[in-house]
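Letters A, B, ... are given to chains in the order of the sequence lines, protein chains preceding strands, and every chain is numbered from 1.
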Number of protein chains: 2
Amino acid sequence: MYSGEYVPPTLTIDSVVFQWSAEQGLSVLLIQRSYEPFMGAWALPGGYCAAGETTRDAMSRVLSAKGGIDTDRLGLVEQLYTFDTVARDPRGHAVSVTYTGLGRDLKPAPGDTTQNPTFWPLQKLPDLAYDHADILAYALQRLRSKLSYTNVVYALMPPLFTLSQLQSCYEAIAGRSLDKRNFRKKILASGFLKETEKMHATGAHRPARLYEFQQQTLQTSDHIYS
Amino acid sequence: MYSGEYVPPTLTIDSVVFQWSAEQGLSVLLIQRSYEPFMGAWALPGGYCAAGETTRDAMSRVLSAKGGIDTDRLGLVEQLYTFDTVARDPRGHAVSVTYTGLGRDLKPAPGDTTQNPTFWPLQKLPDLAYDHADILAYALQRLRSKLSYTNVVYALMPPLFTLSQLQSCYEAIAGRSLDKRNFRKKILASGFLKETEKMHATGAHRPARLYEFQQQTLQTSDHIYS
DNA sequence: ACAAAAGTGTTAAGAATACACCCATGT
DNA sequence: ACATGGGTGTATTCTTAACACTTTTGT
């Protein structure tokens with residue numbers, strides 16, 4: 001019935017890339033828009049998805065071009081949700097497929113259109129363009145819930161880490177503090193971790209044992225923390 | 001950079017509409033395709049989403065036109081996932097936004113293109129066109145997991161029901177049997193239900209008390225069954 | 001009286017929570 | 001020796017799981 005005169009809506013992608021570090025806690029990649037609409041405002045890196053390109057491929061391309069991040073560096077990329085957003089283009093409504101990406105030690109190269117790609121700590125975010133604050137809130141909520149029954153954090157942690165570092169990553173995402181002894185019991189019982197022989201000596205105190213993840217892919221388990 | 005020559009991909013929607021009844025258990029709405037590709041094969045009701053129409057609106061329109069179901073009759077409609085599917089149209093790849101719908105006592109009107117909309121019990125499904133078997137499996141998995149921490153079943157149950165009926169709905173979706181006494185304890189403790197004064201007398205045995213849901217909207221809780 | 005589904009409690013095992021001190025190191 | 005973060009165990013409470021008989025009705 002549509003054949004012939006069918007006109008599809010504009011299709012876009014937006015990406016929510018999180019990173020965690022001991023210094024900054026959880027942060028998210030934003031770019032500063034260099035043209036209208038919302039010129040000058042901060043936004044999630046996003047762009048058009050054209051015919052012949054999967055949304056996943058478009059996400060990689062856009063993230064690299066505008067966000068200065070190579071998706072191969074991300075430990076996990078997952079589709080988040082599809083928003084029938086406010087028009088990105090004044091001519092009509094746009095449909096945006098959103099993705100979440102998780103990584104570590106990411107250093108955004110300057111975007112090809114000089115849009116200042118920068119990781120912003122979640123604590124001190126600027127106002128965001130479009131409905132991007134909603135998208136970000138939704139991404140964070142999903143990340144939180146996955147935290148409690150999967151090994152998602154593998155994508156945020158360095159290859160070797162101490163249990164204290166891991167706990168503070170959990171705390172940053174969960175948004176509350178966890179009991180040290182109970183956390184260790186459960187995380188070790190989950191089977192996600194492998195103890196190594198290496199130790200991490202830093203500062204004037206007992207060195208900490210280093211652990212690694214058994215798998216660098218998403219695994220499900222029973223609840224890890226309460 | 002795309003302005004001017006930007007050509008968006010084809011955008012489609014597909015819907016997975018579930019219904020539950022004591023006789024059939026859980027069933028899903030399928031239509032029989034009356035033209036190529038996959039002519040004669042069974043498929044989820046789906047169709048194009050055109051510029052200016054939200055995917056949610058397209059879902060309603062298509063479900064009504066091809067599936068013979070009025071979305072107002074559904075107790076819950078939720079976006080499921082967006083698939084970069086196999087081309088629906090030989091000319092290029094298509095992006096399909098999928099929705100899950102839940103209802104009860106649904107009687108599909110004949111589709112406007114005589115596509116036999118029919119509810120099929122999940123036990124005896126035909127082969128499905130495209131990647132629709134994957135979409136259905138994913139929808140079922142999501143429904144299952146929501147079962148355990150939300151009141152989703154409100155959308156599948158009649159306004160008044162016995163605890164035994166509710167339990168068999170849970171069992172149909174969970175795919176296993178549950179202990180009667182433990183089920184009753186937990187479901188009553190969840191606070192989702194309201195006891196009524198009415199009784200349901202049927203057959204040569206003790207009549208059962210009728211219950212109703214407190215809310216006809218999605219609510220979250222702790223785990224309901226184990 | 002019997003067949004058929006409704007309804008009802010208790011016990012044991014396991015999971016979650018709360019909580020405080022010693023250990024190894026650098027300065 | 002002291003300051004700092006690393007590391008460890010137990011008791012209590014709550015949750016889950018397993019399990020069988022009595023009640024009410026229609027025929």
Side-chain angles (χ1 to χ4, degrees), chain A residues 21-23 25 144-145 147-150 157-158 160-172 174-212 220-226, chain B residues 21-23 25 145 147-149 157-158 160-172 174-212 220-226:
Chain A
S21 68
E23 305 76 41
R144 263 188 195 138
S145 82
L147 199 64
S148 68
Y149 65 93
T150 70
M157 299 299 295
L160 291 173
F161 49 85
T162 69
L163 292 184
S164 293
Q165 287 168 347
L166 184 63
Q167 182 176 347
S168 76
C169 179
Y170 267 85
E171 289 176 335
R176 65 198 176 86
S177 61
L178 302 170
D179 179 85
K180 182 160 65 160
R181 281 171 291 189
N182 294 337
F183 176 77
R184 288 174 184 227
K185 254 180 290 183
K186 293 211 89 173
I187 201 81
L188 292 173
S190 74
F192 289 150
L193 301 186
K194 191 157 68 182
E195 186 177 306
T196 71
E197 291 310 309
K198 300 183 190 118
M199 304 295 280
H200 179 63
T202 174
H205 54 81
R206 180 171 173 175
R209 180 169 299 278
L210 290 168
Y211 289 79
E212 61 189 349
T220 297
S221 154
D222 287 337
H223 289 257
I224 290 170
Y225 69 98
S226 39
Chain B
S21 67
E23 305 75 40
S145 83
L147 199 63
S148 68
Y149 64 93
M157 298 300 294
L160 290 173
F161 49 84
T162 69
L163 292 184
S164 294
Q165 286 167 348
L166 184 62
Q167 182 176 345
S168 75
C169 179
Y170 267 86
E171 289 176 334
R176 66 197 175 86
S177 61
L178 302 171
D179 179 86
K180 182 161 65 158
R181 281 171 291 187
N182 293 338
F183 176 77
R184 286 173 185 229
K185 256 180 289 182
K186 293 212 90 172
I187 202 81
L188 292 173
S190 75
F192 289 151
L193 301 186
K194 191 157 67 182
E195 186 176 308
T196 71
E197 291 310 309
K198 300 184 191 116
M199 304 296 279
H200 179 63
T202 174
H205 55 82
R206 179 170 174 176
R209 180 169 300 277
L210 290 167
Y211 290 79
E212 61 189 348
T220 296
S221 153
D222 286 337
H223 288 258
I224 290 170
Y225 70 98
S226 40

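Here dG26(D) presents its C1' atom at 15 Å from CE of M199(B), a figure rounded to the nearest Å. Between R184(B) atom CZ and dC19(D) atom C1' the separation is 16 Å, expressed in whole Å. Whole-Å rounding puts the I187(A) CD1 to dA16(C) C1' distance at 16 Å. The CZ-P distance, from F161(A) to dG6(D), rounds to 14 Å in whole Å. Rounded to whole angstrom, the span from the CG atom of D179(A) across to the P atom of dT8(D) amounts to 14 Å. Per the geometry, CG belonging to L163(B) stands 6 Å off P belonging to dG7(C), to the nearest Å. Rounded to an integer number of Å, the gap from CG of L188(A) to C1' of dG9(D) is 14 Å. dT16(D) atom C1' lies 16 Å from atom CZ of F183(B), rounded to whole Å.
For the pair H205(A) and K180(A), both in contact range of DNA chain D, the more 5′-proximal nearest nucleotide belongs to H205(A). Residues A201(B) and T162(A) both approach DNA chain D. Their nearest nucleotides, taken by heavy-atom distance, put T162(A) toward the 5′ side.
Across every non-hydrogen atom of Q167(B) and D179(B), the tightest pair is NE2-C, 4.1 Å. For the pair M157(A) and C169(A), the tightest heavy-atom approach, listed with the atom from each and the gap, is SD-CB, 3.7 Å. Taking both residues in full, the closest heavy atoms of L210(A) and H200(A) are given as CD2-CB, 3.7 Å, listed atom of the first, atom of the second, then distance. In plain terms, the two heavy atoms of M199(B) and R209(B) that are nearest each other are SD-CA, 3.6 Å. Scanning all heavy atoms of the two residues, the minimum distance from R184(A) to S164(A) falls at NH2-OG, 3.2 Å.
Contact of R181(A) with dA20(C) (side chain to base): a donor-acceptor pair of N or O atoms is detected under 3.5 Å. Between the base of dT10(D) and the side chain of K185(A) there is a donor-acceptor pair shorter than 3.5 Å.
Of the candidate nucleotides dG6(D), dG26(D), dG7(D), dG26(D) has the atom nearest to the side chain of A204(B). With dG7(C), dC19(C), dG6(D) as the candidates, the nucleotide lying closest to the side chain of S164(A) is dG6(D). Comparing dG9(C), dA24(C), dA6(C) against the side chain of N182(B) picks out dG9(C) as the nearest. When each of dG7(D), dA6(C), dT24(D) is scored by its nearest atom to the side-chain atoms of P207(B), the top-ranked nucleotide is dT24(D).
Within 4.0 Å of R209(A), counting heavy atoms only, lie sugar-phosphate atoms of the nucleic acid but no base atom. Looking at heavy-atom distances under 4.0 Å, T202(A) makes no contact with the nucleic acid at all.
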